[in-house]
Amino acid sequence: MKRLLSLLLLILVCQISFGQTATRAITNITGDLYRFQNNGHYSVFLVTNDGVIATDPINEAAAKWLKDEIRKRFNQPVKYVIYSHYHDDHVSGGKVFDEAKFIGHKLTKKNIIDNKIETPVPDETFAKKKTIKLGGKKVELLYPGKSHSEDCIAVFFPEEKTVFGVDFISVDRLPYRTLNGAFIPDWIEAIKEVEKLDFTVFSPGHGDIGTKTDVKEHREYFETLYAAVKEAKSKGKSLSEMKKTILLEQYKKMSQYDAWREMNIEGVYKALSSE
Ligand SMILES: [Zn+2]
C-alpha cells in the first residue's frame with residue numbers, strides 16, 4: 001500500500017513538473033534573424049551590432065528566458081520590441097525588456113490600454129507604415145488593414161526577405177476556429193497587401209514557417225470559404241446545412257481541417273449575418 005502511494009505520488013509530481021515545463025527554443029531563420037518558440041507561440045528577433053530588435057514577448061517567463069538567452073548568445077541588449085497585435089497571449093510580459101523602446105500600431109496602443117493588457121504601452125505608434133533602423137539593419141512595419149483583429153501588422157525584414165505576421169496568416173493550417181473578428185473581406189485584402197512584399201519566408205505566430213506560396217494558399221482558402229458561405233446563404237441554406245455541404249476538400253491536407261472547418265464556416269456565416 002505504501003509503495004502504491006509513493007508510486008502515485010511520484011506520478012503526480014511528474015505531472016506537475018511536466019505541466020510547468022515550457023518548450024522554448026531559438027532557431028535561426030536566415031542571417032541574423034531568429035525565431036523564438038514558447039510552447040505553441042512564436043516570435044522573431046533580429047540581432048545587430050547595436051542591439052536586438054525583438055517582437056512579441058509572449059509572456060513574462062518567456063520574455064525573461066529570451067532576454068537571458070540573447071545576452072548569453074549574442075551579448076546584446078534588446079533595444080526595440082515590436083508588437084504584432086494587442087492580444088495578451090502574444091504581447092504580455094514586455095516590461096522584462098526594460099532597455100527597449102516599444103513599437104506598435106496606433107490601434108494596438110488603444111487596445112492595450114482599453115483591455116488593460118499587462119505589458120508596456122507602445123512608446124511609438126504608426127498608422128500605415130514605419131521603418132526601424134538599428135546597427136545598419138532595417139525592419140519595415142506595414143499595417144495591411146483589418147483581419148484577425150483590427151490591428152494586426154506585418155513585420156518585414158527586407159534584407160532577410162522574411163515576414164513575421166501573427167494570427168492572420170498561418171502556414172498549411174486552417175484559420176483559428178470561428179475567425180475571431182468579423183472582418184472577412186478586409187482580411188482577404190490584408191493578406192493580399194502582405195503578398196505584395198518581396199519575401200520568401202513567412203514566419204507565423206503559431207505553427208510552422210512557410211513560404212510566399214503558403215501565404216497565397218491561405219488567402220485562397222479564405223476566398224473559397226467566403227464565396228461558398230456567401231453563395232449558400234444567398235440560397236437560403238442554414239448553418240447546419242452549410243457545415244454538411246461546404247467541404248472545401250482541396251484543403252483537406254491542411255492541419256486542423258477536421259477540427260476547424262465547420263467553425264470557419266460558422267465564423268463567416270456570423271460575419272455575413274452581421275454585415
Ligand atoms: Zn490574436
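Start at 1 and go down the list; that is how both ligands and their atoms are numbered.
Taking the six-membered ring for Trp, F74 and Y34 have ring centres closer than 6.0 Å. Separation of the F126 and H105 ring centroids falls under the 6.0 Å cut-off.
Among the atoms of H90, no N, O or S atom falls under 2.8 Å of the Zn ion (ligand 1).
Sorting the N, O or S atoms of D167 by how far they are from the Zn ion (ligand 1) puts OD2 first.
Evaluated for a ring-ring contact (aromatic ring centres under 6.0 Å, His included) with F36, the options Y42, W65, F45 yield exactly one hit, W65.
Annotation: angle subtended at the Zn ion (ligand 1) by H148 NE2 and H87 ND1 is 90°, to 10°.
The pair E193-K196 counts as a salt bridge, with a side-chain nitrogen and a carboxylate oxygen less than 4.0 angstrom apart.
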